[in-house]
Amino acid sequence: MDAGSITSATPQKPPLKILLCSPRGFCAGVVRAIDAVERALAVHGAPVYVRHEIVHNRYVVEALKAKGAVFVEELSEIPDTKVPVIFSAHGVPKAVQTEAGERDLLAIDATCPLVTKVHREAEIHFRRGRRVVLVGHAGHPEVVGTMGQLPDGAVVLVESVADVQNLQFGDESKLAYVTQTTLSVDDSQEVVEALMKRFPSIVGPHREDICYATTNRQAAVKEVAPKVDAVLVVGSPNSSNSQRLREVAERAGAPARLVQGRSEIDWSLFGNVSTLGITAGASAPEVLVEEIMDAFAERFDITVECVPAASENVFFPLPKELRATG
Ligand code: SF4
């Protein structure tokens with residue numbers, strides 16, 4: 001047979017360059033919260049109750065459920081029990097801690113220390129007689145938890161510059177602001193600038209409330225987005241920091257999609273894409289990024305380049321109730 005007549009049965013895969021954002025995925029607060037549930041299961045056995053999704057990621061929640069974690073939205077769903085009840089990384093209102101105490105539940109607080117920092121700031125402002133303005137998204141568990149550190153009405157929530165224009169205070173000389181940890185750095189800056197313009201004596205945080213993980217992941221996606229045809233953000237729709245990554249990518253010029261895993265990829269969108277950025281929200285495990293890269297490798301001849309925007313070495317120890325058992 002003439003070797004020149006042999007044709008390959010496998011069609012050539014189109015080339016695709018993937019720019020992988022770094023850092024991406026798990027932050028120190030998420031690692032700590034997941035470790036807390038796993039440690040509690042190892043020490044106390046199943047079941048262990050968790051109030052609210054420990055972190056906003058379906059894969060993580062399902063994996064912990066399979067190991068014996070039982071997720072509830074309110075403590076009223078939990079019977080009187082001696083097994084641990086873990087509060088999620090997003091934090092809880094004081095009333096929840098009080099309720100756990102009154103019921104003598106073994107509460108373990110996995111609130112991220114950087115969220116707790118915002119809680120303490122709000123308390124200090126309140127003690128100094130200041131009205132507290134919280135910049136954040138209504139209904140997000142972190143916002144509910146931060147507002148719930150102070151009595152009803154002590155915290156005013158603003159979501160936008162327009163909300164700032166509508167604020168009315170009797171005494172404008174006694175004001176302070178704090179922010180949700182997972183906001184868009186740029187959007188929140190606009191809101192904070194509007195606050196400072198309207199209320200020049202307003203007191204702000206000594207250090208930025210938006211956490212290092214949110215800031216670094218947004219910086220990485222901002223660097224990658226102008227160089228690619230599209231960006232994929234791995235994360236859950238209810239993950240604030242994942243949604244912000246999608247928005248930051250779009251503002252930086254790349255169409256962006258949020259997907260929870262490879263099964264959610266809409267392949268019709270990638271026909272003409274030759275460069276793709278990939279990042280992951282702070283609650284999305286790396287295994288999901290790897291699965292998505294594998295899915296692209298099945299359809300494209302991929303080359304991967306890592307784009308580092310910051311290095312991270314933050315570590316938070318386990319909640320104190322679990323440390324002695326570690
Ligand atoms: S995103 Fe930031 S505030 Fe939220 S858990 Fe991670 S480190 Fe903590």
Side-chain angles (χ1 to χ4, degrees), residues 21-39 50-61 64 71 86-93 108-122 134-137 139-149 177-188 205-222 233-248 258 279-286 288-289 309-319 322:
C21 295
S22 176
R24 65 182 173 278
F26 278 5
C27 60
V30 161
V31 169
R32 174 181 185 260
I34 295 169
D35 284 354
V37 179
E38 290 189 331
R39 169 57 54 187
V50 184
R51 185 187 178 277
H52 194 67
E53 291 187 346
I54 186 74
V55 300
H56 282 158
N57 189 272
R58 189 176 63 193
Y59 180 94
V60 170
V61 167
L64 291 173
F71 290 85
I86 301 178
F87 299 152
S88 82
H90 312 95
V92 293
I108 297 175
D109 190 356
T111 303
C112 175
L114 299 182
V115 175
T116 304
K117 164 188 164 286
V118 178
H119 291 179
R120 297 293 86 83
E121 281 169 11
L134 169 62
V135 184
H137 295 290
H140 189 277
E142 183 187 325
V143 164
V144 173
T146 300
M147 295 186 80
Q149 299 306 302
Y177 75 86
V178 295
T179 81
Q180 191 178 335
T181 57
T182 51
L183 298 178
S184 150
V185 172
D186 294 336
D187 286 352
S188 67
H206 293 301
R207 271 189 74 191
E208 185 66 65
D209 287 336
I210 296 177
C211 75
Y212 80 96
T214 300
T215 305
N216 291 346
R217 280 150 191 70
Q218 288 179 19
V221 86
K222 231 175 183 177
V233 179
V234 185
S236 291
N238 60 346
S239 160
S240 171
N241 79 86
S242 302
Q243 289 286 9
R244 302 295 82 77
L245 287 174
R246 182 185 56 73
E247 291 168 6
V248 168
L258 182 66
T279 185
S283 44
E286 185 66 6
L288 298 178
V289 175
S311 62
E312 295 180 345
N313 56 1
V314 179
F315 167 78
F316 297 132
L318 282 170
L322 296 168

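Whatever order the structure lists ligands and atoms in, that order sets their numbers, starting from 1. Residue indices begin at 1 and follow the sequence shown.
Taking a cut-off of 2.8 Å, the protein N, O or S atoms nearer than that to atom 2 (Fe) of ligand 1 are Cys211 SG.
Side-chain atoms of Gln180 come within 3.5 Å of backbone atoms of His137 as a donor-acceptor pair (strictly under, hydrogens ignored).
Listed by chain and number, the residues in a side-chain hydrogen bond (donor to acceptor under 3.5 Å, both in side chains) with Asn57 amount to none (sequence neighbours excluded). Under the side-chain contact (heavy atoms from CB on, under 4.5 Å) criterion, Asn216 pairs with Pro23, Tyr212, Ala310, Glu312, sequence neighbours left out. Applying the side-chain contact (heavy atoms from CB on, under 4.5 Å) rule to Glu38 yields the partners Ile34, Asp35, Leu64, Lys67; only residues at least two apart in sequence or on another chain are considered.
For the residue pair Glu142/Thr181, the side-chain donor-acceptor check at 3.5 Å is satisfied. Looking at Asp186 and Ser184, their side chains never bring a donor and an acceptor atom within 3.5 Å of each other.
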